[in-house]
Structure formats: C-alpha cells, structure tokens
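As structure tokens, the structure follows; a few thoughts come after it.
As a basis for the values below, the full set of heavy atoms in this structure was taken, side chains included, without hydrogen atoms, waters or symmetry mates. Read the numbers this way: they start at 1 and go in the same order the structure lists the ligands and their atoms.
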Amino acid sequence: MRSHSKNIQTQAVHAGDRKKLADYTPVTTPIFAASTYFYEKAEDLEAVFNNERPGHSYSRYGNPTTSAFEEQVATLEGADFAVATSSGMAAAHLALLAGVSDRRRKIVAASVLYGQTMSMLMKVFEPLGVETRFADVSDLEGFEAAVAEEKPGVVLVETISNPLLRVAEIDRLAEIAHRHGALLLVDATFTTPVMMRPLELGADLVIHSSTKYMGGHGDVLSGVVAGRAELQPTITYLSKTLGATLGAFEAFLTMRGVKTLPLRFERQCANALGLAEALATNADVERVYFPGRPDHPDAAIARRLFPEGMYGAVVSFDLEGGRERALAFLDALRMAAPATSVGDLHTMALYPAMSSHRDLSPKHRQRLGIGDGMLRLSVGVEALEDIVADVEQAVAVSAHKAAAPLAGD
Ligand SMILES: Cc1ncc(COP(=O)(O)O)c(C=O)c1O
C-alpha cells in the first residue's frame, strides 16, 4: 500500500511506514507495537479471523512478539500451547475461569498460596458463586478426602509454597484430581521449567508469574498459562474476551529474560543451597526453611521430584524477636534489596507478615506457620560469599539491636 500524495498531512502519516518485511531475518523477534494488521486481500484477513490461516489481525487476539514468547514457553513446558497475560494474577484468573467454565463451579486449593491468589479465590470467585475449599497438600489423604467431598472443577496448587517452601507432589495430586474428575492447575512460578515440568507429571494447566524468574531482571510484569490442546480454545477465547493481554514490549523483555533462565536459575539454586547451609550453622538464626536441607519436612519429595542439587532459589528463616528484629534485619542489609518479589538477578529479602501475607490476620498466619520473626530471601546470581556475608552481617546487627535494651538495664 503506497500513497504518492504531495500533501504534508498525508505524507506525515504514511511515508516510510507499512513496508513488507524483507528477506532478512532479525536475530531477535522485534517489538511489534502495531495494534492491527492487514493483508493484500481482505479475504486473507477474514481467513485469519476464521483461524483458517496463520496470521494476525488485532493485537488483543495475538501479536507476533507475544506469540514468539508464547511459543518459547510452550516449548520449555512441553505444552501444546501457551497464552501470555499482563501479569501472573491475570494468568491465574484466566486459568481458574477456564477450569470452572465447563466443569463444576467449585475449587479445591492448597491451604498456603500466594496471598493475592487466596484473596482472588475468597473475594472475587466466592461472591460470584465459585466456592473454594482450602486443604493441606502435605496431607495427601486429607487432600483427597476434600476433593472427593467437593468434586471440584479445578484443583489449584503451587509447586513450592511461599514462604514455608513446602513441596507439592504434583504427580500424586494430578492422580487425585483426575480420579475425581477435576483439572489440576499448577502455579510453577517458584520452580520454573528448568526444575520441573508439571504437565509431564500429569497437570492440565501450568501458570507462571513471569514477572519473576522468567523475566528475571525486575523490569517487567507478565504472566503465562500453558497447557494441553483441549484447553486451548477456552483459554484463547477468555484471553481475547477479557483482554488481560500481554503488551509487545513486555513480551519482548520477558522473552529476552527466558533466554538466560537456565543459566540464572541454576546459579540461583546453587547459591540458595549454599546460603541455607551457612544460615543453618548460624547461632543467631532460629530455624531455616529450605527443601534441600535434610531437616525440611519435604526433603525426600524434593529429591524425588527435582533435578539433583536444585531445590529452588528461595530460603526462609526465623529470627527470634518477632517484627522488631525482622525489620532491623531488613534495614541492616547492604547489598540485598529489601524488596517485594522473587526471581530477579539480585538478592532480595521480604518480610511476609508485612508484604506477601499482610492480608491474612496474625492468627491465620500463625495457623499456617508463618511467624512474626520469619523472613524470606530470594537468592540472586551474585557471588555466594557476598550474599552470605551480607545476610549474616544483617542477622548479627539485628541480634545486637534486639539485645541492646537489655544491655542498658
Ligand atoms: C507464586 C506466585 N504466583 C503468582 C504471583 C502473581 O504474579 P504477578 O505479580 O506477576 O501478578 C506471584 C507474585 O508474587 C507469586 O509469587
């Protein structure tokens, strides 16, 4: 399509633009910012709308940059398809809706989930008539009894829970869900496909907050749902109808992050193991939570399900002294960022009672085992000795501060 107008108004709008892509291949997928696409013949556009030929028509329906990211994730997950979303929460929303849309409008979910996911189940789905029963995934018998009783459309679990880092037996949970006619939806944000591919263990849908390890650089918010072919039409329909689509720029950034995911994540997991070992021998640390340590209740499950030496890159620990001590620890960090996320290149520390689990009452947190002195570290790719040094000096400073009032007595 070429305009030969002599009018500057028309030239400004059309000159240089809308060229057909040439015979070169850019080494990375460009950011296709265009919201709409057209073809030589209008009937080709119609064929795209009808899914009779590949192509793009309107970016909420699909975009070349976003599609490239989706293909990348589907390949890594061993999935038949993937649909990118504007955040991890949008991915959870889409997958849960897809799960209950043609099935029983009931959900059975792990009793410890990311706080906002629990909030979505209780404050968005429940008022709409989709009830959730929470059950402990670490008690498979009890969990199956809950599934048998509720007969839900969907069972929702996380591969590693936050911040206690309990490991879900995805293969057994898939059997339980399927025995009672439910889909298994797995939030695999904390494990990534480098450590576990839930679809291969029987899950039906897997979701990620790709804001975290996949993006990996703390500069993008995105999410993704991947799964088996039967669920593709529903997920695709819901995505384009609800519109929580991922933008092309964000898809580009996340795709770039995923290219180094295996390198980063292997290093982060190794650093986490090293840090957990150091903290376990630190007299000022009350308790360490890490599935790679023999004292973790799910150590055997972690060894069974995860590749050797990989137990995730999050380490939680308790400091005696509650909230005051935990805040003193955060303030004393010199390298690690006291920031609310996981999965970035840099080490981060978070106080669950103040951030990820602030919506839960202190009693509810206590019941789940999340104490007032608990901290969670997302371990980065820095040199292990620097991470250990920073965390240990902050533990020491916080211990000193906690002891200070006594010294003045
Ligand atoms: C396990 C898990 N799932 C989902 C989410 C939500 O992701 P997002 O912040 O990208 O919406 C988070 C965010 O912290 C998370 O940790």
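- Among residues at least two apart or in separate chains, side chain to side chain donor-acceptor pair (under 3.5 Å) pairs with a member in residues 304-316 are E169-R304, D171-R304.
- Neither side chain, S210 nor T254, offers a donor N or O lying under 3.5 Å from an acceptor on the other.
- Sorted by first and then second residue, the salt bridge (charged side-chain N to carboxylate O under 4.0 Å, His left out) pairs involving residues 237-266 (not counting sequence neighbours) form an empty list.
- Shown here are the salt bridge (Lys or Arg N to Asp or Glu O under 4.0 Å) partners of R179, two or more places apart in sequence or in another chain: E144.
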Would you mind listing each N/O atom of ligand 1 next to any protein N/O under 3.5 Å, plus the distance?
from: ligand 1; atom 1: 3 (N); to: D187; atom 2: OD2; distance (Å): 2.6
from: ligand 1; atom 1: 7 (O); to: S209; atom 2: OG; distance (Å): 3.0
from: ligand 1; atom 1: 10 (O); to: G88; atom 2: N; distance (Å): 2.9
from: ligand 1; atom 1: 10 (O); to: S209; atom 2: OG; distance (Å): 2.8
from: ligand 1; atom 1: 10 (O); to: T211; atom 2: OG1; distance (Å): 2.6
from: ligand 1; atom 1: 11 (O); to: G88; atom 2: N; distance (Å): 3.1
from: ligand 1; atom 1: 11 (O); to: M89; atom 2: N; distance (Å): 2.9
from: ligand 1; atom 1: 14 (O); to: K212; atom 2: NZ; distance (Å): 2.7

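- Remark: R323 CZ is loosely packed, at most 12 non-hydrogen atoms of other residues, nucleotides or ligands lying under 6.0 Å away.
- A donor-acceptor pair shorter than 3.5 Å cannot be found between the side chains of Q232 and D80.
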